[in-house]
Amino acid sequence: MTTTYPPSDELKSKAHVDAAKYDEMYARSISDPEGFWGDVAERIDWIKKPTKIKNTSFAPGNISIKWFEDGSLNVAANCIDRHLATRGDQTAIIWEPDDPEEAAQYITYKELHGSVSRMANVLKSLGVERGDRVIIYLPMIPEAAYAMLACARIGAIHSIVFAGFSPDALAARVQGCDAKVVITADEAPRGGRKTPLKTNADKALLHCDEDVKCLVVKRTGGQTTWVDGRDFDYNAMAAEASADCPPAEMNAEDPLFILYTSGSTGQPKGVVHSTGGYLTYAALTHEVTFDYHDGDVYWCTADVGWVTGHSYIVYGPLANGGITLMFEGVPTYPDASRFWQVCEKHKVNQFYTAPTAIRALMGQGEEFVTKCDLSDLRILGTVGEPINPEAWNWYNTVVGKGKCPIVDTWWQTETGGHLMTPLPGAHATKPGAAMKPFFGVQPVVLEPTTGEEIHEFPTEGVLAIKDSWPGQMRTVWGDHERFEKTYFADYKNYYFSGDGCRRDADGDYWITGRVDDVINVSGHRMGTAEVESALVAHEKVAEAAVVGYPHDIKGQGIYCYVTLMNGEEPSDDLRKELRTWVRTEIGPIASPDLIQWAPGLPKTRSGKIMRRILRKIAENDYGALGDTSTLADPSVVDDLIENRMNR
Ligand code: 6R9
């Protein structure tokens, strides 16, 4: 039996949304989306107020998504300027550095306005114009937020590349969106170690067009090489730049940013988000899901390199005039108490993190938590992957002392904001359940092979969404066909999430994980195809197949089956070499956990690799392999089982 935890009476009475209000608002959001979202859009400062609210189609051959299409606005003005009169001296961003000995920074809205305007003028002086792309490759420092908002201010489109990605991955993204400028820093301190970001950028830029400029922020003062005419010193230029930069008037449907994310096939795709719909959705979800009230100190531990950092560190909280904490470090540095020390130090009210971090900290013991004063915590959140009930219970009792509802927010890079989550004052929570759809979201469970909608419950199937919501991605950068193919081709007239789900007897939703070849490693999405293509790029590798397997801390680990070129000898040294190789090709997050030498891979007669079988072996569940008779050579399976790595 699943235990359910109803909202406290206090939350029911004080939260923005209680059960009755949720029911009423949800019903209206579905029956009258125009009226509902038209009203929600009032929270945005429009330059020209939209009159056309929703114009969307999931019809095959005509996938088109437009919200607020005749409205205009500026995102930076919404996140900064409009707050100046009422809260200019209020903190907008609390910045907590990697090293706890280094001073935290408290950046007011007024200061944010100055810094963003200066950065915007610096970008302009480098020739960046409306519609141009700017790559941001920065540590978790305030300048990352300045850079995002500076782009938004002048109508440039930013694309953030996670600072843990390799030079190759960076180069692919610079070229993929044809960026004019790369913003980076000398070094990125994290967990007491420093990543040489500028050196990485130098390597990446060797593979890019010659006229790509590099704007370098000083973080550590570490030595970097300098290419005159290409490299520019941000700190020197910002000191000279004017703090006045009028915000550009943008159409609601102009792209705000591109964010590359992994899919089941091919290279990462550039997910494009809009200006008006995205901001409206990020702002509303931030306020309602976290029950954010004026003056609350809110902390999302994500990195701005992921969508969570976009919507729930920068755009949502700042659009709401909130106080958002930005953390440069990691949960375990200097020790496993760091998260909780930061909560105590800054009196954090809402705390939002990933299950993988919770699992890692859970293993370190309770003292790291209990020695800190967490009495200001009100709401806890999780995101990124399914949370196992043990981790949920630990989070609830040890961190939340049984008093803080846990919002388990299910969403994706593609969705811009939360699609399913319990709301703190409205819904009960269940350990591991994403519970209820957000306003305007119509989840459906489909029978995987027929695509028929299953209406009854309890049931299980693939998760799709019936109609558009304002935060939905608009297209894949430069490849609308890929957008249609990836999300709308398998199941006609629905947005297909790629996730499986269960709807329980109460009608509540549980996400069961990806049903495609995307794996989720420590909450980071990775296409197995990407890791495979990195492996086969190595001269000694003939063929590779990659699957996920259950991993205690990471959720899923990366299991690689590798067939070597004729004449190559397997060895532990070669294993190490391949691991390093993949790290260099993609980044440390893609580092293989297990590499099994496979003399052959299980293939159908038409040459398709039977991943189902490889997954079962990797899961050490080879008793249930199913039918192997269609394999071209069934004997390869015995060898794979015999030499399996995960025992
Ligand atoms: C926001 C984000 C998306 C994939 C998604 C799903 C998994 C995210 C989840 C969850 C279960 C949750 N996922 N949140 N699974 N419960 N609360 O993580 O975006 O990096 O694009 O990943 O992550 O599988 O499809 P993204």
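Note that ligands are numbered from 1 as they come in the structure, with each ligand's atoms numbered from 1 the same way.
- Protein heavy atom at the shortest distance from atom 1 (C) of ligand 1 is W411 CE2, 3.4 Å.
- From the protein, the heavy atom lying nearest to atom 5 (C) of ligand 1 is D499 OD2, 3.1 Å.
- Residue T308 approaches ligand 1 through these ligand atoms, each under 4.0 Å from one of its heavy atoms: 1 (C).
- In this structure, F439 has its ring center under 6.0 Å from that of Y22.
- Near T413, meaning under 4.0 Å from one of its heavy atoms, ligand 1 places the atoms 19 (O), 20 (O), 21 (O), 26 (P).
- Taking every non-hydrogen atom of N520 and a distance limit under 4.0 Å, the qualifying atoms of ligand 1 come out as 7 (C), 23 (O).
- Side-chain contact, E447 with T449: a donor N or O sits under 3.5 Å from an acceptor N or O.
- Remark: D506 engages K430 in a salt bridge, criterion side-chain N to carboxylate O under 4.0 Å.
- Here's the thing with T382: none of its N/O atoms is less than 3.5 angstrom from an N/O atom of ligand 1.
- Looking from atom 9 (C) of ligand 1 to the surrounding protein, the closest heavy atom is E385 N, 3.5 Å.
- Under a cutoff of 6.0 Å and an axis angle of 45°, R173 and F165 form a cation-pi pair.
- With ligand atoms numbered from 1 in the order given, ligand 1 contributes 9 (C), 12 (C), 14 (N), 17 (N) to contacts under 4.0 Å with heavy atoms of T409.
- Paired with T261 under the rule side chain to side chain contact (heavy atoms under 4.5 Å, CB included), one option of Q412, M473, R525 passes, and it is R525.
- A ring-centre distance under 6.0 Å is not found for W410 and Y509.
- Per-residue contacts place V383 under 4.0 angstrom from the following atoms of ligand 1 (heavy atoms of the residue considered): 1 (C).
- With L463, D408, T415, I519 as candidates, the residue nearest to atom 17 (N) of ligand 1 on a non-hydrogen basis is D408.
- For atom 7 (C) of ligand 1, the nearest non-hydrogen atom of the protein is G384 O, 3.3 Å.
- The nearest heavy-atom contact from the protein to atom 20 (O) of ligand 1 is R525 CD, 3.6 Å.
- Using a 3.5 Å distance cut-off with no hydrogens or angles, the side chains of H418 and T285 do not pair a donor with an acceptor.
- For W411 and Y312, the gap between ring centers is short of 6.0 Å.
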